[in-house]
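Following: one structure in structure tokens, then a few remarks.
As the structure lists them, so they are numbered: ligands from 1, and atoms in each ligand from 1.
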Amino acid sequence: MLNLYLNKGKDESLRRFHPWVFSGAVNHIDGQPSEGDLVRVLTHQGEFVAVGHWQIGSIAVRVLSFENEPIDHKFWVNKLATAYDVRRTIGVAGTNENTTYRLVHGEGDNLPGLVIDMYGRTAVMQAHSVGMHVCRKDIAKALQEVLGDALENVYYKSETTLPFKADLHQENGFIVGNSLDDIAVENGLKFHIDWLKGQKTGFFVDQRDNRSLVEQYSKDRNVLNMFCYTGGFSVYAMRGGARLVHSVDSSQKAVDLVNQNIELNFPSDSRHKAFAEDAFKYLEQMTESYDLVILDPPAFAKHRDAVRHAIKGYTKLNARAMEKMPKGSILFTFSCSQAISKDQFRMAVFTAATLANRKVRILHQLHQPADHPINIYHPEGEYLKGLVLYIE
Ligand code: SAH
């Protein structure tokens with residue numbers, strides 16, 4: 001393992017367990033590592049600080065350990081066993097009622113660059129760093145040891161999440177098993193999970209708790225689930241006793257998925273309809289009056305420099321929805337942009353309320369669920385925020 005020396009004073013954030021070394025903090029490396037190699041991070045005087053994966057880019061090292069320890073089978077087993085224990089403690093793992101959860105959430109589980117979502121007996125593993133890509137088979141092996149019978153397949157899905165410049169020829173595919181039994185259970189509801197071609201790892205696991213809250217508000221309401229994707233919110237609204245549920249997504253594939261998932265749980269239930277349409281166009285032209293609306297758009301700001309534009313987008317979207325909602329409606333509105341803070345999002349929604357000239361109360365402030373933990377030393381890991389509003 002090569003030694004990487006930091007510039008003077010640049011060990012400070014690492015001493016507070018922040019898990020990244022930025023490229024500007026690096027003085028020199030005593031050799032030329034390949035991308036994804038382990039490096040030992042030292043102060044400018046050669047004192048040990050951390051071990052991590054090296055990569056070309058603004059984040060030069062993602063720290064795996066602040067101890068001078070080998071990154072071997074035992075290391076991966078320990079980390080994954082802790083992550084699994086956390087999920088059992090939360091209550092999302094080890095039950096038949098729920099087999100859909102995030103087992104590893106990158107920095108939140110002290111494993112920067114790694115995401116593992118569980119769908120029944122299938123783990124979908126996603127590398128966001130070259131180092132995790134290099135270690136994928138070791139991780140899969142450790143996962144088999146930790147999960148035992150609860151695991152049948154490991155599907156690796158990193159085609160779109162790794163830097164293409166690293167030229168890794170990564171391919172999506174099974175590392176363990178090959179079952180295509182794609183039905184997973186979330187809070188007793190069934191979902192087809194398209195891990196082969198779907199967005200992210202195939203499902204937005206992070207909205208589980210917020211979907212339950214939608215269920216609680218759905219009785220006798222006319223529900224609009226905008227940006228529905230696989231229709232998670234729609235299925236919960238159906239169970240909650242909604243009068244009708246309309247799901248909208250610009251992608252026809254998403255519309256097919258939501259229809260499949262509704263059919264799986266509520267066969268031939270005529271309360272549901274899905275439309276392939278652009279959100280703004282739908283909101284402008286809709287004739288139906290919806291008194292429960294969910295707005296869960298894709299990240300409008302993927303980078304810091306897109307923030308201003310994104311805030312405008314959130315404002316416009318929310319204003320359009322609020323303008324048309326009848327008195328006494330409920331609006332669930334979300335932002336999953338990491339670059340937008342909770343306060344910025346709230347300000348965007350505040351501006352929307354003003355533009356729509358509506359009296360609005362905040363009933364709930366929502367966030368990512370406990371299986372997407374935030375490393376306290378890495379507040380950047382907080383990304384999902386939502387508001388539940390009462391529109392007067
Ligand atoms: N609410 C979903 C996740 C939403 S992901 C869930 O709980 O699983 C965002 C979705 O927005 C994607 O499916 C994407 O196809 C859709 N989308 C993106 N731009 C859109 C637009 N302009 N109008 C409607 N849908 C859009």
State whether Glu47 and Arg15 are salt-bridged, where the test is any N-O pair (Lys NZ or Arg NE/NH1/NH2 against Asp/Glu carboxylate O) under 4.0 Å.
-> yes

Using side-chain contact (heavy atoms from CB on, under 4.5 Å) as the criterion, list what pairs up with Ser34, not counting sequence neighbours.
-> Asp37

Do you know the tightest heavy-atom contact between Thr99 and Thr95?
-> CG2-O, 3.9 Å

Please name all residues satisfying side-chain contact (heavy atoms from CB on, under 4.5 Å) with Lys74, sequence neighbours left out, ordered by chain then number.
-> Asp72, Asn78

Under a 4.0 Å heavy-atom cut-off, what residues line ligand 1?
-> Gln199, Phe204, Arg211, Phe227, Cys228, Tyr229, Thr230, Phe233, Asp249, Ser250, Ser251, Glu277, Asp278, Ala279, Asp296, Pro298

State which residues pass side-chain contact (heavy atoms from CB on, under 4.5 Å) with Lys197; sequence neighbours excluded, sorted by chain then number.
-> Asp194, Lys253

Side-chain donor or acceptor of Glu152 paired with backbone N/O of Gly120 under 3.5 Å | no

